[in-house]
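Taking it in order: structure first as structure tokens, then the write-up.
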Amino acid sequence: MEKNYLHADHETPIYQQWESSGAFQPVAHSKNTKAFTIIMPPPNANDPLHIGHAMFVALEDILIRFHRMLGDSTLWLPGTDHAGIETQFLFEKKLKKEDKSRFQFDRETLFQLIWEYVQANSTTAVEQLRRIGASADWSRQTFTLDPKIVKIVLNTFSELYTKNLIYRDYRLVNYCPKCGTAFSDLEVKHVEEKAPLYYMKYGPFTIATVRPETKFRDTALAANPKDPRYKDFISKTLEIPGLLGPITMTVIADEEVDPEFGTGIMKVTPAHDPHDFELGKKYNLPVTPIIDLQGRMDMRWFLEQDHLNPKYRARAEKYHGKKVAQARQLIVEDLKEDGLLSQTDENYTHAVGVCYRCGTVIEPLPLPQFFIKVKPLVEPVLKALKQKETTVIGAGHDKVLKHWLENLRDWNISRQIVWGIRIPVWYSAAKNPDLEITFLDTQKKRISGKLATLLKEYSLSEIQAQLQELQAPISAHFEVSATSPGPDYIQETDTFDTWFSSTQWPFATLQANQPDDFQKFYPTSVMETGYDILPFWVMRMLMMGIFKTGKVPFYTVYLHGLVRDQKGQKMSKSKGNVINPLVIIEKYGADALRLALVIRSSPGLDKSVGESDFKSMRNFTNKIWNAARFIYMDVEKKIDLTATKPGDKAFYVKLHNVVKDITQQLSDFRMGMAAETAYNEFWHWFCDQAIEDAKNANISQKALLDGLITFLKLLHPFTPFVTEAIWQQLQQLDHQEMQRLMGSKKLITTQWPL
RNA sequence: GGCCGCUUAGCUCAGUUGGUUAGAGCAUUCGAUUUACAUUCGAAGGGUCGGGGGUUCGAAUCCCUCAGCGGCCACCA
């Protein structure tokens with residue numbers, strides 16, 4: 001044995017041995033084996049790994065190796081996610097560098113290009129997981145766009161639809177004009193913003209608003225029925241003068257209007273405000289949008305009027321096509337000019353919704369989209385949690401989950417992107433002449449228009465082949481089907497929210513693999529992931545899992561925290577404090593990386609690590625190596641392993657207690673504690689005391705060897721490489737009694753000490 | 001505005017049914033060395049466990065309250 005443990009020499013060959021020996025595959029079930037299953041949270045297929053991935057690998061691999069050694073039929077099923085929006089935008093960035101844009105391709109071609117791009121990068125993530133030491137069953141590796149998975153996902157959609165849990169509705173959705181797609185409520189971040197609150201003269205009233213640009217096509221005014229100031233106006237229809245001429249509106253009375261806010265009377269803009277939209281529904285008001293999907297003013301309704309006053313026309317032309325923020329400035333100036341702005345509260349702060357990924361202000365825009373009715377899916381989850389069919393481990397996040405479930409609103413699953421699973425909805429061309437179509441003609445020119453009009457010039461098959469996107473009116477006739485119902489049909493161009501597929505991951509991966517995997521390994525044992533995706537993923541997996549299988553998808557949820565830097569600060573590229581796990585592996589070894597992340601970590605709480613942590617854990621791996629080396633050199637001398645010494649009895653009692661403690665801690669999912677116990681007991685008891693005692697002949701060499709073998713097993717889940725490397729070094733010694741004590745040729749598949 | 005969490009040594013953090021002198025890593029100081037390991041060993045200093053109140057024979061741990069920090073949620077125009 002070398003004097004120091006040189007991780008770089010051992011890690012790759014050891015990993016290859018493990019994998020080629022089939023150690024990562026579950027042993028066959030028998031009467032005495034229990035199943036232990038973890039479905040790996042799938043990293044994005046084309047992304048390189050970051051330190052957070054190392055954290056989940058470390059924690060999950062500890063549990064997997066522990067249970068494998070316990071003799072359970074242990075399956076860790078890995079996979080990757082197509083990560084719809086993230087990937088498509090990364091690809092579009094790449095296109096932009098090549099001076100191209102997605103609008104130059106029909107959707108089929110674009111999808112194919114992204115597919116190839118992901119294929120080219122997809123080995124990176126998986127290779128890196130191997131470097132960290134993930135003992136996952138790669139023979140079962142699954143991708144969210146594998147045909148089998150897609151089939152299952154489409155099937156789920158159709159089942160939800162049949163059971164009346166999916167509906168298509170025209171309503172306000174969270175639309176990001178920059179990303180060009182709608183999002184679910186969860187993807188909208190609310191940030192405090194200071195914005196001027198404008199008090200505008202509005203006929204006999206004054207109203208307060210931060211969004212004067214939406215007022216042109218207001219459909220009503222609303223006041224509280226108890227408000228004496230407006231009592232006499234209730235139900236009256238008035239002509240309100242405005243920047244673009246008078247608007248005729250009725251004053252409605254509604255309890256929800258707060259007399260305390262602003263002036264107590266509000267304008268109702270159903271097309272651009274969620275609250276107003278609901279109010280509009282209640283009072284049957286029309287939805288009259290004035291902002292388009294690019295977040296620009298759309299003044300066509302005014303410009304198309306033949307008798308519009310030239311002053312108003314000039315204004316409408318001025319606003320038309322301007323971004324909302326810019327238009328707002330122009331409008332405020334014009335309000336001042338007309339003497340309609342009575343005052344401005346510059347210190348007003350309110351929460352504004354922004355896109356979680358690009359930070360652009362989210363526009364609530366009316367669009368027909370597919371929604372999942374969540375209530376019927378949520379109730380069984382709440383019940384299961386109450387009955388503790390699933391337990392959530394992680395610093396109060398169980399309460400957060402409950403809060404989410406109780407307040408969840410219907411889930412918009414339509415995304416206006418190409419990279420994803422296309423919604424299996426079909427529109428008959430004959431029945432839907434009003435479909436709005438955008439496609440590329442033979443010259444690759446973008447053509448948009450109503451289907452009926454386009455069909456006068458182009459054939460349906462031409463449109464189908466070169467389709468970019470379509471928008472079906474809410475009244476459109478459609479059929480739900482995994483495959484085309486016939487030549488007359490055009491498929492919806494929206495794709496599913498990526499989470500719609502990843503939410504089905506626990507049962508879908510098992511159903512897509514070996515024929516009896518689902519039956520053997522479902523429900524899975526543990527779902528280990530970061531608390532930051534609790535609502536996006538864990539909550540919805542519970543919902544879909546129970547819906548589809550009637551059982552919870554996992555019994556235990558273990559939530560780890562964020563990895564922070566040495567000072568406890570969040571890692572970010574801009575701060576320059578990002579730790580690349582591969583750099584750490586090269587410098588200190590995978591074992592050091594894993595142990596530094598796990599030791600003394602607590603579920604649900606963030607963990608900070610720095611260079612010194614990796615270094616001291618590397619020192620620990622060297623300590624293991626050298627303790628083994630000391631004993632190795634004794635065994636090499638063909639020592640007698642039958643003699644006993646007076647200190648042996650106490651030694652074995654202590655050793656037994658250490659085994660008991662670590663086993664208990666791992667069984668209780670206290671990996672941070674278990675790692676610390678292993679570290680302290682090995683270094684400060686076994687090395688500092690026991691080995692020294694053995695040097696003084698107080699403890700026998702057999703006891704010491706027994707201790708080493710036991711500790712190699714106990715430490716293996718935490719530091720798999722160095723322990724396996726030592727194990728195999730010992731195996732090479734020609735010593736029968738030692739061979740007998742060790743038993744198995746490979747540590748990874750040896751039996752846990754009990 | 002609501003909810004969740006955190007506050008323990010200079011720094012980063014452990015400490016699960018309340019029980020002997022409160023722990024680790026790093027940092028600091030002193031010392032050791034023809035040693036399995038200098039990626040080492042021994043020793044030392046350093047904490048009124050955020051403040052206050054309560055329960056208890058006994059509280060870092062349970063309860064109440066206040067404060068600071070962090071996070072999540074929220075359509076009040």
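Each of B/A36, B/G15, B/A24 was ranked by its minimum atom distance to the side chain of A/E676; first place goes to B/A24. Comparing B/U12, B/G15, B/U40 by their nearest atom to the side chain of A/S602 picks out B/G15.
Heavy atoms of A/K615 sit nowhere under 4.0 angstrom from any nucleic acid atom. When heavy atoms are screened at a 4.0 angstrom cut-off, A/A395 is found touching the sugar-phosphate backbone but no base atom. Nucleic acid contact for A/M633: sugar-phosphate only, since backbone atoms but no base atoms lie under 4.0 Å from a heavy atom of the residue. At a threshold of 4.0 angstrom between heavy atoms, the contacts of A/K623 include nucleobase atoms, whether or not backbone atoms are also involved.
The side-chain contact (heavy atoms from CB on, under 4.5 Å) check on A/L605 picks up A/A395, A/S602, with sequence neighbours excluded. With sequence neighbours left out, A/F536 forms a ring-ring contact (aromatic ring centres under 6.0 Å, His included) with A/W499. Residues passing the ring-ring contact (aromatic ring centres under 6.0 Å, His included) test with A/Y199: none are found, sequence neighbours excluded. In this structure, A/Q329 has no side-chain contact (heavy atoms from CB on, under 4.5 Å) partners at least two apart in sequence or on a different chain. Residues satisfying the side-chain contact (heavy atoms from CB on, under 4.5 Å) test with A/T209, not counting sequence neighbours, are A/M200, A/R211, A/P212, A/K267. By the side-chain contact (heavy atoms from CB on, under 4.5 Å) test, A/N412 pairs with A/V173, A/A182, A/Q369, A/F371, A/S414, A/R415, sequence neighbours left out.
Ring pair A/F205/A/Y230: centre-to-centre distance below 6.0 Å. Aromatic ring centres of A/H10 and A/W625 lie closer together than 6.0 Å. Between A/Y348 and A/H350, the ring centre distance stays below 6.0 Å.
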Pairs counted as Watson-Crick or G-U wobble with both distances under 3.5 Å: what dot-bracket string results for RNA chain B, using | for bases tied to another strand?
-> (((((((..((((.....[...)))).(((((.......))))).....(((((..]....))))))))))))....
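Annotation: side chain to side chain donor-acceptor pair (under 3.5 Å) contacts involving residues 530-539 of chain A, sequence neighbours excluded, comprise A/Y531-A/D606. Applying the salt bridge (charged side-chain N to carboxylate O under 4.0 Å, His left out) test to every pair with at least one member in residues 611-636 of chain A, sequence neighbours left out, gives these pairs: A/K587-A/E611, A/D634-A/K637.
Atom-to-atom, CG of A/L562 to P of B/G5 comes out at 18 Å; the value is rounded to the nearest Å. We find that NE2 of A/H397 is positioned 12 Å from C1' of B/C3, with the value rounded to whole Å. Between the CG atom of A/N696 and the P atom of B/A36 there is a distance of 12 Å, given to the nearest Å. One interatomic measurement links the two molecules: CD of A/Q665 to P of B/A14, which rounds to 15 Å at whole-angstrom precision.
Interface remark: the A/K695 side chain does form a donor-acceptor pair with the B/A36 base, using a distance-only criterion of under 3.5 Å.
A salt bridge does not link A/R357 with A/E187: every distance from a Lys NZ or Arg NE/NH1/NH2 to an Asp or Glu carboxylate oxygen is 4.0 Å or more.
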Which parts of nucleotides 72-77 of chain B does protein reach within less than 4.0 Å, heavy atoms only, written one letter per nucleotide 5' to 3' as B for base, S for sugar-phosphate only and - for none?
-> -SSBBB
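Phosphate contact (OP1/OP2 of B/C37, side-chain N/O of A/W683, threshold under 4.0 Å): absent. Note on A/S608: a side-chain N or O is less than 4.0 Å away from OP1 or OP2 of B/C13.
Checked by atom type, the side-chain pair A/Y202/A/D218 shows a donor-acceptor distance below 3.5 Å.
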Might you list the N or O atoms of the protein lying below 3.5 Å from N or O atoms in nucleotides 25-27 of chain B, with each pair's distance?
residue: B/G25; atom: OP1; partner: A/H684; partner atom: NE2; Å: 3.3
residue: B/G25; atom: O2'; partner: A/S616; partner atom: OG; Å: 3.3

Protein-nucleotides 68-70 of chain B N/O pairs under 3.5 Å:
none

